[in-house]
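Okay, structure first, notes after.
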Amino acid sequence: MPFNDGLYFFFERTETSPHAPAGRIVRVGNHPGSPAGLKRRLRNHYTGRKNGSVFRKFLGGALMRRTQADHPCLRPGPGQGHWEKQDAPTCELCRPYEGHVSELLRESFSFRTLWAPDAWERNDLEQQLIATLSLCEVCRPSDAWLGQFAYSDVVRRSGLWNVRYIFDVARIIGPAGLQRLERLVERSLAYTR
């Protein structure tokens with residue numbers, strides 16, 4: 001990846017829609033607290049620990065819940081067990097899920113990045129894209145989607161591994177945002193030529 005600032009888009013190969021027959025977007029992300037941190041952010045998703053990435057916590061929690069609804073690492077309730085709670089340590093029972101999440105990301109997901117050097121623009125576009133994707137009637141999650149086992153109702157209903165800006169009608173991307181997005185896509189493609 002030739003740039004250090006931008007947005008990332010995770011695609012899940014087993015989730016398709018008429019808009020995305022090769023895999024629909026299931027997460028939009030950013031690195032808002034870390035200038036030049038795009039590569040580090042992506043690395044945290046793929047090889048980090050659950051406390052370094054909300055995405056990893058969501059995936060691991062859904063994997064646990066799919067195989068054992070009352071998994072001890074998810075107790076006392078949805079979002080409250082030590083696996084899904086921020087900064088809570090892992091135990092011997094949930095430690096293998098660190099590897100399961102990394103394996104799942106490598107086997108079932110791909111990502112694309114978008115060069116966006118301006119932090120304000122990057123944050124604004126992230127919010128608009130999440131809102132727009134969550135409201136797309138065509139890009140709905142399948143019944144078999146792993147996200148159906150997420151503790152967050154917002155994840156289950158939206159089909160995105162995001163919780164902020166979901167279903168925010170006021171944030172839908174408009175013509176000006178689409179023009180900005182198109183300009184950034186063209187510049188990003190120039191990096192790869």
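These values consider heavy atoms only, across backbone and side chains, with no hydrogens, waters or symmetry-generated copies.
- A distance of 10.0 Å separates CZ of Arg43 from CG of Leu38, quoted to the nearest 0.5 Å.
- With 3.5 Å as the limit, one finds a donor-acceptor pair spanning the side chains of Tyr8 and His45.
- In this structure, CD on Glu15 lies 9.0 Å from CZ on Phe109, to the nearest 0.5 angstrom.
- Here Asp153 pairs with Arg157 in a salt bridge; the nearest charged N to carboxylate O distance falls below 4.0 Å.
- Checked by atom type, the side-chain pair Thr90/Glu98 shows no donor-acceptor distance below 3.5 Å.
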Check against side-chain contact (heavy atoms from CB on, under 4.5 Å), Leu178 and Glu182: CA-CA 6 Å; Leu178 287 172; Glu182 186 176 336; over 6 Å; no

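- In this structure, Ser102 OG and Tyr46 OH are separated by 10.0 Å, a value rounded to the nearest 0.5 Å.
- Atoms OG and CZ, on Ser158 and Arg140 in that order, are 7.0 Å from each other to the nearest 0.5 Å.
- In this pair, Phe10 and Phe111 present their aromatic rings tilted. The plane angle is within the 30 to 60° band.
- Scanning both residues, Gly81 and Pro76, for their nearest heavy atoms gives N-CD, 4.2 Å.
- Checked by atom type and distance alone, the side chain of Ser53 never pairs as donor or acceptor with a backbone atom of Asn44 at under 3.5 Å.
- Rounded to the nearest 0.5 angstrom, Leu114 CG and Leu181 CG are separated by 6.0 Å.
- Residues Phe167 and Leu135 have side chains in contact (heavy-atom distance under 4.5 Å, counting atoms from C-beta outward).
- Remark: Arg75 fails to qualify as a cation-pi partner of Trp83 under the 6.0 Å distance and 45° angle criteria applied to the six-membered ring.
- At a threshold of 4.5 Å between non-hydrogen side-chain atoms, the residues Leu146 and Leu104 count as touching.
- In this structure the side chain of Arg122 never reaches within 4.5 angstrom of the side chain of Asp118, judged on heavy atoms.
- The salt bridge (charged side-chain N to carboxylate O under 4.0 Å, His left out) check on Arg112 picks up nothing, with sequence neighbours excluded.
- Atom CZ of Arg13 has more than 12 heavy atoms from other residues, nucleotides or ligands within 6.0 Å.
- The two residues Asp5 and Pro35 make their nearest non-hydrogen contact at OD1-C, 3.8 Å.
- Across Lys85 and Asn51, no two heavy atoms sit closer than the pair O-OD1, 3.7 Å.
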Verdict with supporting geometry, Arg106 and Glu103, salt bridge (charged side-chain N to carboxylate O under 4.0 Å, His left out): CA-CA 5 Å; Arg106 284 190 302 273; Glu103 183 179 335; 5.5 Å; no

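- By the 30° and 60° cut-offs, the orientation of the rings of Phe55 relative to Trp161 is tilted.
- A salt bridge does not link Lys57 with Glu84: none of the charged nitrogens is closer than 4.0 Å to a carboxylate oxygen.
- The two residues His82 and Pro89 come nearest to each other via the heavy atoms CD2-O, 3.4 Å.
- Residue Arg95 qualifies as enclosed at atom CZ: its count of foreign heavy atoms under 6.0 Å is above 12.
- The side-chain contact (heavy atoms from CB on, under 4.5 Å) test with Leu160 singles out one residue from Cys136, Ser134, Pro141, and that residue is Ser134.
- Although no hydrogens or angles enter the test, the distance criterion places a donor-acceptor pair under 3.5 Å between the side chain of Lys50 and the main chain of Ala88.
- Residue Lys39 qualifies as enclosed at atom NZ: its count of foreign heavy atoms under 6.0 Å is above 12.
- Comment: Asp124 engages Arg180 in a salt bridge, judged by a side-chain N to carboxylate O separation of less than 4.0 angstrom.
- Two residues are said to be in side-chain contact when any heavy atoms from C-beta on lie closer than 4.5 Å; Thr113 and Phe9 fail this criterion.
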Intermediate values then yes/no, side-chain contact (heavy atoms from CB on, under 4.5 Å), His71 and Tyr97: CA-CA 12 Å; His71 194 287; Tyr97 282 88; 3.9 Å; yes

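- If you check the side chains of Arg171 and Gln127, you find a donor sitting under 3.5 Å from an acceptor.
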What verdict does the side-chain contact (heavy atoms from CB on, under 4.5 Å) test give for Asn30 and Arg41, after you've listed the backbone C-alpha separation in whole Å, the side-chain angles of each residue and the deciding distance to 0.1 Å? CA-CA 8 Å; Asn30 188 359; Arg41 186 72 183 132; over 6 Å; no

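- With sequence neighbours excluded, no residue satisfies side chain to side chain donor-acceptor pair (under 3.5 Å) with Thr16.
- A side-chain donor-acceptor contact under 3.5 Å links Gln148 to the backbone of Ser142.
- At a threshold of 4.5 Å between non-hydrogen side-chain atoms, the residues Val154 and Asn162 do not count as touching.
- Counting heavy atoms from C-beta outward, Asp70 and Arg65 have side chains that stay 4.5 Å or more apart.
- Hydrophobic cluster membership is shared by Val169 and Leu129, with clusters built from Ile, Leu, Val, Met, Phe, Trp and Tyr side chains linked at under 4.5 angstrom.
- Grouping the Ile, Leu, Val, Met, Phe, Trp and Tyr side chains by contacts below 4.5 angstrom, directly or via other members, places Leu93 apart from Leu74.
- Residues Ile25 and Val28 form a side-chain contact, since some pair of their non-hydrogen atoms from C-beta on lies under 4.5 Å apart.
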Given side-chain contact (heavy atoms from CB on, under 4.5 Å), test Arg24 with Trp145 step by step and report yes or no. CA-CA 11 Å; Arg24 68 178 178 81; Trp145 183 49; 3.9 Å; yes

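- Rounded to the nearest 0.5 Å, atoms CG (Leu184) and CG (Leu7) are 8.0 Å apart.
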